[in-house]
Structures are given as C-alpha cells and as structure tokens.
**Student:** 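Structure in structure tokens, see below.
Quick caveat, the model's predicted, so the values are computed rather than measured. Chain identifiers are assigned alphabetically (A, B, ...) following the order of the sequence lines, protein sequences preceding nucleic acid strands; residue numbering begins at 1 within each chain.
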Number of protein chains: 2
Amino acid sequence: MKRLLERIDREILATGGKRSRSRAVVIDRFFRARDHVTIEELTRSVRESAPGIGAVTVYRTLKLLERLGYAKELDFGEGARRYESNLSPHHDHLVCRQCGTVIEFEDREIEQLQDLVTRRHGFHPTAHRLEIYGFCRKCASGTSPERSR
Amino acid sequence: MKRLLERIDREILATGGKRSRSRAVVIDRFFRARDHVTIEELTRSVRESAPGIGAVTVYRTLKLLERLGYAKELDFGEGARRYESNLSPHHDHLVCRQCGTVIEFEDREIEQLQDLVTRRHGFHPTAHRLEIYGFCRKCASGTSPERSR
DNA sequence: CTGATTATGAAATTCATTTTCATCATATCC
DNA sequence: GGATATGATGAAAATGAATTTCATAATCAG
Ligand SMILES: [Zn+2]
Ligand SMILES: [Zn+2]
Ligand SMILES: [Zn+2]
Ligand SMILES: [Zn+2]
C-alpha cells in the first residue's frame with residue numbers, strides 16, 4: 001500500500017506533477033474503500049481524516065488515477081459515476097436493482113466470443129462493458145428486501 | 001407504420017392518456033429515424049415538420065414510448081442518452097470511438113453464457129447491456145478517419 | 001357545448017461534473 | 001535557507017442534460 005502510493009507519486013513527478021498531501025489522502029482512501037464507490041461516498045470517507053478536502057479534489061484525483069491506469073470509471077446508470085481500483089484483473093458486473101449489491105464475475109468464454117464478434121466485423125476493440133441488471137439472490141427471494149444504498 | 005401509430009394511440013387512451021398532434025409527429029419521426037438517436041437529433045428532425053414542438057415534448061414522448069415498451073434507452077457514455085426502437089429483436093452494440101458508427105450484433109452463445117453466470121450466482125436478470133468500444137474497420141485502417149457525429 | 005383532465009412549451013430547477021481564479025504548496029535553482 | 005516558477009487546491013461559478021413547474025391549449029366524456 002505504502003509502496004503503491006510511492007509508485008504513483010513517482011509517476012506523477014515523472015509526468016511533471018507535484019506531490020500533495022490532499023491527493024495522498026484521497027488515493028489512500030480510494031484503495032482502501034470498498035469497490036464501486038461514488039465520488040460522493042469517497043469524499044465523505046476522505047473528510048473523515050481530512051475535513052478540509054473538497055469534492056473537486058476527489059474528482060480531479062480520480063481522473064488522474066484513471067489516466068495513470070490505476071482506476072476505472074463505471075456507470076451503472078444511477079446518475080452518478082462509480083470508480084473501482086484497476087489493480088485486480090478484468091471483470092464484469094451483476095448489479096442488483098433492489099439493494100445495490102454488485103457482484104463481480106469473469107467469464108473467459110464470453111470474452112473470447114466478444115473477440116470473435118469484433119473480428120467478424122473488422123472492429124478493433126479497446127474496451128467493453130457488460131453489466132447484467134436484476135435482483136440478487138436475497139432480493140429475488142423476497143424474504144429480505146434490503147436497501148443498502 | 002400507420003397501423004403502429006394507431007396501436008400506440010389506443011394504448012395511450014387505454015391508460016388514461018389523450019391523443020395529441022405533437023406526440024404523433026415525434027413518434028412518427030422516431031420510428032423513421034436511423035436508430036440510436038439523441039433527443040437533440042430527434043428534436044431537430046421533428047422540427048422539420050413541426051417547428052413549434054419543444055424538446056421537452058420529445059423527452060416526454062420517449063419516456064412514454066419506453067414505458068409502453070416501444071423504445072429502449074441507450075447510453076454510450078457520450079453524456080447524452082440515445083434511443084432506439086424496441087421493435088427489432090434484442091441485440092448489443094459495437095461503438096466506434098472515432099466516427100461514432102454503431103454496429104449491432106446478436107450472439108446467442110454470449111446470451112446463454114450470461115444466463116449461466118447469473119444462475120451460478122442466484123441472480124435474477126431483468127436486463128443487460130453489452131457494448132464494445134473501439135474502432136470500426138474504416139477508422140482502424142487509418143485510411144479515412146471520418147467523423148460523422 | 002361544458003367541464004374535466006391531459007398535454008404542451010417556456011422558463012425555472014436540479015444535479016453531477018467541469019471550469020475559473022485567486023491563493024497555497026511543492027520543487028528547483030541559487 | 002530563500003527566491004521563484006509552476007502545479008494543486010477549494011470555493012464559487014459555469015455547464016449541460018434531464019426534469020419539474022405552471023399557465024395555457026388541446027382533447028375527451030357526457
Ligand atoms: Zn439485492
Ligand atoms: Zn468491479
Ligand atoms: Zn469508425
Ligand atoms: Zn441498436
């Protein structure tokens with residue numbers, strides 16, 4: 001973790017940026033946070049340790065992390081974006097419309113079929129998004145319709 | 001086409017709505033438009049035959065069509081939504097980041113594997129979105145980097 | 001027709017995100 | 001260590017798509 005932050009700082013310096021205390025807090029909190037956080041959630045978390053930090057800095061820092069390849073932008077159609085760390089391997093998402101739970105999955109076969117599709121159309125893929133919306137086991141069973149966010 | 005509009009009007013009446021000239025124009029233009037239109041594009045088209053119609057009515061009419069199951073909302077991450085007719089069978093999209101071209105595809109195998117994934121997690125799917133972003137054949141070849149929208 | 005209710009357009013509002021700008025912090029050079 | 005240049009910050013303003021409000025117009029049932 002410390003090592004990661006140092007590495008990121010080095011990359012920022014290498015690209016003409018400067019270190020900053022605020023940014024360090026945001027980055028630290030981001031990697032410790034549960035995945036798929038909104039800016040608003042992350043800002044709340046950041047302010048627990050550094051109340052002065054503004055949401056704008058959180059926005060900017062996540063854009064920066066995305067540019068460097070450490071964060072990924074998500075959009076589950078909720079109106080606000082979410083971000084997740086890009087350190088773990090690629091995966092797609094099951095999103096529960098009742099309780100908001102997000103289940104990650106990875107399916108080699110689906111990915112391969114996607115490659116086939118693009119090849120068939122002479123299309124050069126750079127990214128894709130696959131999200132399945134519905135109801136998680138708990139919410140579908142109707143026994144405990146939770147609402148976590 | 002005429003038949004379709006009449007059918008929609010009947011459904012609107014059945015659910016306590018009223019017919020309206022403006023809405024008829026919007027619906028007609030929507031089904032004649034190329035697929036994956038933005039509200040802005042559709043509004044421009046609508047105004048060719050009825051200059052007085054406001055964008056708000058286009059927004060409202062598409063929400064209505066979506067509620068009735070005749071339209072589908074899309075989001076290719078451009079900031080503005082797009083809509084497509086829901087009369088054709090389900091398909092997913094290849095989206096060119098250079099020229100904006102959208103290629104539709106349908107892959108039974110991928111759909112089946114998605115079902116498998118959800119079943120494996122006890123998840124009850126109601127919808128999904130699969131979009132592959134990249135460069136279409138033309139743009140990837142570098143010979144004619146077009147920009148259509 | 002009459003009255004009741006829905007639809008409309010313009011303007012106002014909302015809300016996430018981005019931009020602006022004056023100020024602060026950090027790196028670099030002496 | 002200090003001076004200087006430049007990046008980073010936060011508050012406020014701006015942006016832009018989408019929604020809501022509200023007075024007015026259109027449509028429907030009786
Ligand atoms: Zn759930
Ligand atoms: Zn994830
Ligand atoms: Zn293209
Ligand atoms: Zn389509």
**Student:** Check this for me: does any side-chain nitrogen of one of B/Arg82 and B/Glu73 sit under 4.0 Å from a carboxylate oxygen of the other?
**Tutor:** no
**Student:** Determine, for nucleotides 14-21 of chain C in 5'-to-3' order, which nucleotides have protein heavy atoms under 4.0 Å from the base (write B), from only the sugar-phosphate (write S), or from neither (write -).
**Tutor:** --SBBBB-
**Student:** Keeping B/Ser49 on the side-chain end and B/Val46 on the backbone end, is there a donor-acceptor pair under 3.5 Å?
**Tutor:** yes
**Student:** Rounded to the nearest angstrom, tell me the gap between atom CG in B/Asp9 and atom P in C/dT6.
**Tutor:** 16 Å
**Student:** Does CD in A/Glu109 sit with more than 12 non-hydrogen atoms of other residues, nucleotides or ligands closer than 6.0 Å?
**Tutor:** no
**Student:** Between A/Thr61 (side chain only) and A/Val26 (backbone N and O only), is there a donor and an acceptor less than 3.5 Å apart?
**Tutor:** no
**Student:** Rounding to a whole Å, what distance do you find between A/Ile53:CD1 and C/dA25:P?
**Tutor:**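 These atoms are roughly 13 Å apart.
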**Student:** Decide if the gap between the ring center of A/Phe105 and the ring center of A/His91 is smaller than 6.0 angstrom.
**Tutor:** no
**Student:** What is the distance from CZ of A/Arg10 to C1' of C/dA27, rounded to the nearest Å?
**Tutor:** 17 Å
**Student:** Using the ring-ring contact (aromatic ring centres under 6.0 Å, His included) criterion, which residues pair with A/His124? Sequence neighbours excluded.
**Tutor:** none
**Student:** For the pair made of CD in B/Glu41 and P in D/dA18, what is the distance, rounded to whole Å?
**Tutor:**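 Atom-to-atom, B/Glu41 to D/dA18, this comes out as 12 Å.
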**Student:** Look at A/Arg44 together with A/Glu40 and state whether they make a salt bridge at an N to O cut-off of under 4.0 Å.
**Tutor:** yes
**Student:** Quick check on contacts: within residues 18-28 of chain A, what sits under 4.0 Å from DNA chain D by heavy-atom distance?
**Tutor:** A/Lys18, A/Ser20, A/Ser22, A/Arg23
**Student:** Round to the nearest Å and state the distance from B/Leu64 atom CG to C/dT8 atom C1'.
**Tutor:** 14 Å
**Student:** Between A/Phe76 and A/His93, is the ring centre distance below 6.0 Å?
**Tutor:** yes
